[in-house]
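Remember, it's 1-based here, ligands and their atoms both numbered in the order they're listed.
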Amino acid sequence: MSEQELKALRLRIDALDEKVLELISERARCAQEVARVKMASLAEGEVPVFYRPEREAQVLKRVMERNKGPLGNEEMARLFREIMSSCLALEQPLKVAYLGPEGTFTQAAAMKHFGHAVISKPMAAIDEVFREVAAGAVNFGVVPVENSTEGAVNHTLDSFLEHDMVICGEVELRIHHHLLVGESTKTDSISRIYSHAQSLAQCRKWLDAHYPNVERVAVSSNAEAAKRVKGEWNSAAIAGDMAAGLYGLTRLAEKIEDRPDNSTRFLMIGSQEVPPTGDDKTSIIVSMSNKPGALHELLVPFHDNGIDLTRIETRPSRSGKWTYVFFIDFVGHHRDPLVKGVLEKISQEAVALKVLGSYPKAVL
Ligand SMILES: O=C(O)C(=O)C[C@]1(C(=O)O)C=C[C@@H](O)C=C1
């Protein structure tokens with residue numbers, strides 16, 4: 001390519017960037033107007049709701065439907081995700097607590113869902129994320145809820161039994177683990193590998209094959225594992241890209257998870273009810289009396305009404321020995337007439353039924 005051609009193309013890019021800049025600014029001014037309208041239409045004592053997950057899901061879906069390339073749909077939606085995140089920050093900077101420390105997959109999930117224009121706060125434990133949200137110190141919390149290889153995150157499920165929380169969104173992340181070492185690590189003398197217990201389990205076969213005699217040490221998070229390795233010459237960590245970048249570690253082996261489709265699902269928790277978008281999911285907790293056929297009774301109304309169950313999990317109820325609660329996710333919104341009917345039917349049979357929330361299905 002000649003120098004002249006390159007120059008001409010860069011001039012075109014400069015002109016396009018100017019247009020993009022003007023359009024983004026115009027969009028941001030529009031968001032400011034939206035904030036003004038929301039404030040003006042408040043009833044006495046009502047608090048304004050700036051963050052609208054149902055609208056955000058619609059915007060991102062529309063972008064993906066209309067995108068003609070060459071950028072892929074997900075790439076384009078990620079760009080719009082960030083534009084919307086910045087527009088929302090002009091209306092109200094959101095505060096989001098997540099399972100920390102910095103560099104965890106939960107932080108990556110929070111950024112994927114809310115974008116980077118939020119004030120994020122790392123918490124030391126899942127229960128602390130719940131408490132921070134319940135105390136009103138942040139607007140939303142982000143916690144992991146299930147992994148495709150290792151199953152449910154029980155701390156999260158149990159926290160729902162203790163706190164009154166509304167689920168307002170979900171996000172799924174493909175989880176890639178790497179074996180990370182620091183500058184001073186002697187790679188032929190590794191005698192200890194740190195990681196979160198779930199991540200060690202997700203890489204069990206790889207570890208058995210490559211480091212069968214090395215001690216595996218479970219720590220509170222992958223980011224904590226990465227942090228420890230930084231100053232140790234005989235240890236390595238299993239963690240993801242964010243932690244590697246944050247602690248300046250290098251990858252000794254990449255993508256070492258046993259299953260290539262290893263993914264984790266995260267939930268956004270808060271106190272805000274989300275209206276229907278037409279493509280929603282609902283999460284409920286149900287406890288049934290301890291009698292034969294109770295689970296069958298619980299599932300029949302879903303089957304009879306053609307409602308898709310996406311997950312069912314059982315946990316001890318904590319209120320009596322050998323009594324259980326069921327965590328159920330299904331497709332639909334609790335305001336849909338069909339779903340309403342099913343929930344009414346179940347509540348006639350159940351000891352207790354709680355709707356944790358209805359929220360748009362993950363778009364990204
Ligand atoms: O439509 C709204 O209610 C807005 O506040 C605008 C906007 C956007 O930038 O598109 C910003 C924040 C909301 O969470 C949803 C959408």
Could you check whether the rings of Trp206 and Tyr211 sit parallel, tilted or perpendicular, using 30° and 60° as the cut-offs? tilted
Counting each atom of ligand 1 from 1 as listed, which ones have a heavy atom of Phe50 under 4.0 Å away? 5 (O), 13 (C), 14 (O)
Using 4.0 Å as the upper bound for N to carboxylate O, is an ion pair formed by Lys345 and Asp304? no
Taking all atoms of both residues into account, what is the closest heavy-atom pair of Glu56 and Arg81, and its distance? OE1-NH2, 2.7 Å
List ligand 1 atoms under 4.0 Å from Val34, heavy atoms only on the residue side. 2 (C), 3 (O), 4 (C), 5 (O)
Sub-4.0 Å atoms of ligand 1 with respect to non-hydrogen atoms of Leu88: 12 (C)
Need the ligand 1 atom indices (1-based, order shown) with element for anything under 4.0 Å from a heavy-atom of Glu56. 12 (C), 13 (C), 14 (O), 15 (C)
Lys38 heavy atoms, cut-off 4.0 Å: which ligand 1 atoms fall inside? 2 (C), 3 (O), 4 (C), 5 (O)
Counting both backbone and side chain atoms, is some N or O of Tyr51 under 3.5 Å from an N or O of ligand 1? no
Taking C-beta and beyond as the side chain, do Met165 and Leu356 meet within less than 4.5 Å on heavy atoms? no
Do the charged groups of Asp158 and Arg315 touch, with an N to O distance under 4.0 Å? yes
For Arg52, which part has a heavy atom under 4.0 Å from ligand 1: side chain, backbone, both, or neither? both
Glu91 heavy atoms, cut-off 4.0 Å: which ligand 1 atoms fall inside? 4 (C), 5 (O), 6 (C), 11 (C), 12 (C)
With a 4.5 Å limit on heavy-atom distance, are the side chains of Val153 and Asn147 in contact? no
Between Phe160 and Phe130, does the ring centroid distance fall short of 6.0 Å? yes
Any idea which protein heavy atom is nearest atom 10 (O) of ligand 1, and the distance to it? Arg27 NH2, 2.9 Å
For His176 together with Phe105, are the ring centres under 6.0 Å from each other? no
Short list, please: which atoms of ligand 1 are under 4.0 Å from a heavy atom of Met84? 8 (C), 9 (O), 10 (O)
Should you measure from each heavy atom of Arg55, which atoms of ligand 1 turn up under 4.0 Å away? 1 (O), 15 (C), 16 (C)
